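Chain letters run A, B, ... following the sequence lines, proteins first and then strands; every chain starts at 1. Just so we're clear, the structure is a prediction, and the values are computed from it rather than from any experiment.
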Amino acid sequence: MNFFAPFCIPFMVGAAVMAVALVLKYVLWIWHLPRADRKLLVSGIFTVQSIKAVGEVISESLLHRRIFKVNPLLGYMHASLAFGWFLLITVGWIETIAYLGFRYVPLQGHVFFKYFATCIAEHKPVFDFLMDLLLLIVLSGVALAWGKRLYSKAMGMRRTTKHVLGDRVALSALWFIFPARLVAESLTCAIYGGGGFLTGSISSFLAEHVSGSLLAALYEPSWWFYSSMLGIFFVALPFSRYMHIFTEIPLIFLRRYQLRPREKESSYDNFEIQACSRCGICLDPCQLQSELGINDVQSVYFLRDRRYNRLKLAVANNCLMCGRCEAKCPVGINLNSLRQNSRDTMRNIPDESRYGYLASLDRSQGEGRVGYFAGCMTLLTPRTLSAMERIFAAAGEDVWWADRNGGVCCGRPLKLSGETDSAKKMMRYNKELFYKHNITTLVTSCPICLRVFRDEYALRGIEVLHHSEYILRLMRQGRLKVDAAGGRFTYHDPCELGRGCGIYDQPRAVIEAVGELLEPKHTREDSLCCGASLANTVINDAQQLRIARSMSAEFEQTGASTVVTSCPLCKKTVARGSSLPVKDLSEVVAEHLA
Amino acid sequence: MAAIDWGFSINRPRTIDIDNNNLRKSDEILREMPELQCCIGCGACTASCTAGNLTEFNFRKVHTLVRRGEYQGAYEEMNKCMLCGKCRLLCPRGINTRGVVMLIKRKLGDF
Amino acid sequence: MKHVVVIGGGIAGMQSALSLKKRGFDVTVVEKSNRLGGKLLNWHCLFPSFTPATEVTDTLKQRIADSGVEVRLNAEVVEFDRHHVVLADGERIECDAVVLCSGFTLFDARIKEEYGYGIYDNVYTSVDIEAMLNKGRVELKNGGRPRRIAFLHCVGSRDEKVCQRHCSKVCCVTGVKQAIEMKQLFPEADVFNFYMDIRMFGPGYEEMYREAQQKYNIHFVRGRISEAAPTIDGRLQLKAEDTLTGRPLKISVDMLVLLVGMRSNDDNARFAEHSGLQCAPSGFMAPADMFLSNVASGVGGIFYAGAVTAPKSVGEVLNDGAAVAEAVTGYLG
Amino acid sequence: MKRATWSEYQKDIADDKYYYARSCIRQNFFPGSEKAFLDILSKDLGKDIFDDPAHSSCTGIGYHSDIVPLETIMTVVARQFAMMTESGYENFVTSCITSFGIYTEILATWEEFPETEERTRENLYKTTGREFRKPKCLAHTSDIIFHFREDIARLAKRRLVNSGTEEPLKVVEHIGCHYAKLFPKSGIGGSEFPYVLAGMVDAWGGECVDYPERRHCCGFGFRNYLVQANRGYSVANSQKKLESMAPYHPDFIVANCPGCTMFLDKWQYTIAEMDGRTYGGNGHGIPVLTYEEMAGLVLGYDPWELGMQMHQVDVEPLLDKMGVDYDPAAKYLGRNGKFIGKPSAAVVNGCSQDFIYDIKL
């Protein structure tokens, strides 16, 4: 049996180009991994993590479990295309074996089996049925994809990604592959007979209504078309968003081996960046999109621009880094870390002389094993400071006040802007200060500081607590008593505290000890950003205010009489946007000390 | 040839010479961030400044000089800023002060 | 019917006359020039709305024409008391009350000779600019378009050196307004406003100021120009201190606009002496008190409206016109 | 020139019978000028002017340097007036702008605070036994030349024109700060548009240059010059003026103040040596003249008689332009015909630099 026909050439070329490109990319990326990452890879490969990764590949890359969670219809669309196509290939393979036994069949022989199988008289209706069913499933996915273009809301998406030209070519090819296959197979069946419930019925219809000569004339071109579509798609795949189809698989493995984006851009980032399918799920959660109509800076566009080396500073900088999109990304890409290390690449200018003025500076006061770092912003919310003072006094805690008279910034704002090396100087200064004063516990009221103390400072021997955690601990230890005076509170999760440090329950527990807690519409992992995030240096004051107003409206809808938050920046910002009084968690506690 | 010690040198003028200053970068900065022109010199930024309370750094003065085309030393001054963002919370004219710091550094540092 | 004479046919006089007429008085407006409207006739647009000044003057003139108020033009008042107004030609007009609406005098910018008004080309006053705008031709002496324009605030205001200690109130806003107008006419030009303080006291003024800064990119430099001098290419070199940076500043401009202030009329002292009225140290007429009788003089039957008592904006002057009618009614019953 | 305002500032200047008070520093730096003034007045104009050997310094430099107290200087000034009174004169003419400012200021002080005048009279009487009358007319010598500028123009042998092209010479006039900046009414033309020198230039055929830094101080500033470490400020001020006037290509600078004339002249040397910058034509400095020298040239005096060889910036290019006959060989010969010495070559006179300077920055 001959498994070659001229129409196979586009497919064969496409498949070859794709294979070479994929192998080259993956080999190069792994080759260039930082030494530490390579070590992680080697040490993880023969562990149970690899098996877990296989499971995750099936559930995510094929079944798209996480997208199902976002929206079942959207999940079905992705799964039908990915898993359906996967099954088409697998079942097609089995079909070949069923017909021909175990023998070598070239790739095009499997793919265009229907074409080459016309000489086989025997029919296995089970496969006809199966293959038609799978084709139908995939076609339904394609239909949904078309539908999504027209009406994305049905799939829970208000906005869809604006694609670049290459993506559109690949997308068009992809859309045509399966209808083309249906047509080609139906024509083949119309001439040679056979086919399942789908191709079979279409072929009988064609045989009845279309002249034989026309069918014969269309026969070869239809296979050519099908092959060409496959070829185009395969050539475009490594260079378009469809790269994600394969890239998610190594990504899942590497992530299981604990590889992550680093402070500086690294080869690993390629796996994350090219695993983005540009599904656009990150668009809707973005408040820059929903409140300000800014529609070219979201993670999907950021990753796309970075991938094609056309990232602009204005795009990299225009992000609140609130983490809402990251929490929803079906591929689990570390969007904030990637944006962070892009900023580093664009803005980090090491300067040894910078912040030389920090040397030998110490404006701290008091003595105690517990250190309190108010943070720059907290100095502008003195009620928080005095509340903390009362709480410390009530608990009988001796406190070392790190920065009540003005200290040195924790370094996170500078790091967020990409000036990583300079930020380290401030971190080093503060770290030395903490050690110098022999504290064992460091309490801060500012989630921005908290985040960097925990993630970057590596404060061995010092426990770092947010004041919400600290207050709750004091209450549970019985060192701090509050009267449950009642009152209706609602709570705003600061991005850096909630999504950033995973602290959701502690402040809630504290509030519930005082009064009733009413949750706003968006809360916990889904909470909205106040808009004043230090990560964004692009949007102006009016834009910040618009975000603040829209997110504050949710607090008013809860019926609460006070908005509580636990970040000085959020407090100031929400207070601008809301008509309700806004208090820091510590104020609420201090007001209700028993 | 004999060496003569004058005991003094000619003082350089302190005058801001708008005619001879190169205002190209200043214009670019104002074009990118027109709100900077709204500064009314209240000094709240400088009063609250974390870095300004530890050094001579005066954000208001430095950006005003930059607007007048006096770039000498401005980059180094802006580098004293810790970007902590207190000033942005205080500016009565709502100027994106952190953005200004970054913009001036970018323009004067040519990156 | 009681007869009230209104001295001055500017907007204060016209509005006062209209309000008095409405309350049933017999009103005569005495105006020394040959037409009604006063200084506002020379004005192009009013801040902060850019309303054409003619909208105010024409409307008032029309209302005066329709109201039956007697208007005496070319009639200069030499002296008056509550019962008589004596004109330059010797005529005595009998009346029951007098409303003094003689307004203000523009500061003569030539007195500040260091700014070169009347000495160098292309030094103008804010009044000249309004006249040029009215003519529809703002240009340099040589017909060219200015590339750089400077406005100087407080010329003849808040200046001990010319014995004008008071703030003329409206020049800041006018300066910002004219700067915007210049920028609209010459978008390619750089406009610099040199000010001591920016006083944006009224509704919409601060907003206009902000717009001038942000939208029109007008440069505001806090510092008074010390002197203007000609340059070799026929421009003007200005010196000032940029007080917000603590550095002297030097700049050449094509056009310098002096925002001249309002000073009190020279007549005020004579009127005061003759009629027993009080002048404030600024030379403006002092009302009986600053709050409850701010359109009354210390002398029964003599009232004030408009800028005769202090520099005022157009809106405030018109309010005075309405208020004085109330006060006169209270006096004449 | 659009300067109508000068005419608003006029003062009464006596027509004859002057008591003459000399300047301290001019006699060293421009020694011919004061003699020229006396010659012009007495010989050319036939006026009575008394050059009293008994008068003294006004101590103004000491006063402005915080060395001489006000009481003292008032008494010294009172003595000058006593000398004038004793010689039978009542029109006081001073050659120095600093002195002119001192006399004006003290007379104004006595006017405002008569008790200070009484005390001064007492002090003078106690110390010297002298009494005085206040001058009827106080004028600076430049006021006198200005007063007779038309007479001088009539007597003129030359005019301030380029003898080759007949074009008026471009003249930068510089007025000493203490001439009218203290009391605008005390100077002709006031402080903004002083006309005292410009009037002479106009009358004698020249053309004044109105350059942006026209009113700026020369930088002398007493303490700024007297303390070596401060001289950088002083020279920077002269430089500012020179930079501002240079584009107008002035043929010469004329000043009416001893300090200004000296510093505008000598700082050109300093700037040229330090920075290599010169502001006149052909890499030379701009000659700086006193108004007496200017008047003397107009009246046909010999430049070496006028003491112009004492200038730091060579005047020969100007003399050539004006068509003045002079003997180059006689430049450095004294009045007795003996060689008086010759300065080293200087950058400001178009010579190459032959020193290495150790400039402290």
Test your reading of the model: is there a side-chain donor-acceptor pair from [X] to the backbone of [Y], 3.5 Å cut-off?
{"X": "C/Arg222", "Y": "B/Ile40", "value": "no"}
{"X": "B/Asp19", "Y": "C/Ile251", "value": "no"}
{"X": "B/Arg60", "Y": "C/Leu244", "value": "yes"}

About how many Å separate [atom2] of [Y] and [atom1] of [X], when rounded to the nearest 0.5 Å?
{"X": "C/Ser252", "Y": "B/Asp17", "atom1": "OG", "atom2": "CG", "result": "7.5 Å"}
{"X": "B/Thr15", "Y": "C/Asp242", "atom1": "OG1", "atom2": "CG", "result": "11.5 Å"}
{"X": "C/Thr245", "Y": "B/Glu70", "atom1": "OG1", "atom2": "CD", "result": "8.0 Å"}
{"X": "C/His219", "Y": "B/Thr64", "atom1": "NE2", "atom2": "OG1", "result": "12.5 Å"}

Please check if the number of heavy atoms outside [X] that lie under 6.0 Å from its [atom1] is greater than 12.
{"X": "B/Glu56", "atom1": "CD", "result": "no"}
{"X": "B/Gln72", "atom1": "CD", "result": "no"}
{"X": "C/Arg137", "atom1": "CZ", "result": "no"}

**Prompt:** Do you know which of C/Lys215, C/Gln214, C/Glu211 makes side chain to side chain contact (heavy atoms under 4.5 Å, CB included) with B/Cys38?
**Reply:**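 Only one of C/Lys215, C/Gln214, C/Glu211 forms a side chain to side chain contact (heavy atoms under 4.5 Å, CB included) with B/Cys38, namely C/Gln214.
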
**Asked** Pick from B/Arg68, B/Arg14, B/Lys61: which one makes a side chain to side chain contact (heavy atoms under 4.5 Å, CB included) with C/Arg247?
**Response**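 When B/Arg68, B/Arg14, B/Lys61 are each tested with C/Arg247, the side chain to side chain contact (heavy atoms under 4.5 Å, CB included) holds only for B/Arg14.
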
**Request:** Evaluate the side-chain hydrogen bond (donor to acceptor under 3.5 Å, both in side chains) criterion for residues B/Arg93 and C/Gln213: first the C-alpha distance (whole Å), next the side-chain angles of each, then the deciding distance (0.1 Å), finally the verdict.
**Result:** CA-CA 11 Å; B/Arg93 284 300 192 98; C/Gln213 294 175 308; 2.7 Å; yes

**Item:** Proximity breakdown for B/Leu30 and chain C, heavy-atom pairs closer than 4.5 Å
**Value:**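 When you check distances to chain C, only side chain atoms of B/Leu30 fall under 4.5 Å.
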
**Request:** Give the member of C/Val221, C/Ile198, C/Asp190 that has the highest number of heavy-atom pairs under 4.5 Å with chain B.
**Result:**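 Most heavy-atom pairs within the cutoff with chain B belong to C/Val221.
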
**Asked** Would you say C/Ile218 and B/Gln37 make side-chain contact, with heavy atoms under 4.5 Å?
**Response**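 A side-chain contact under 4.5 Å is absent here.
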
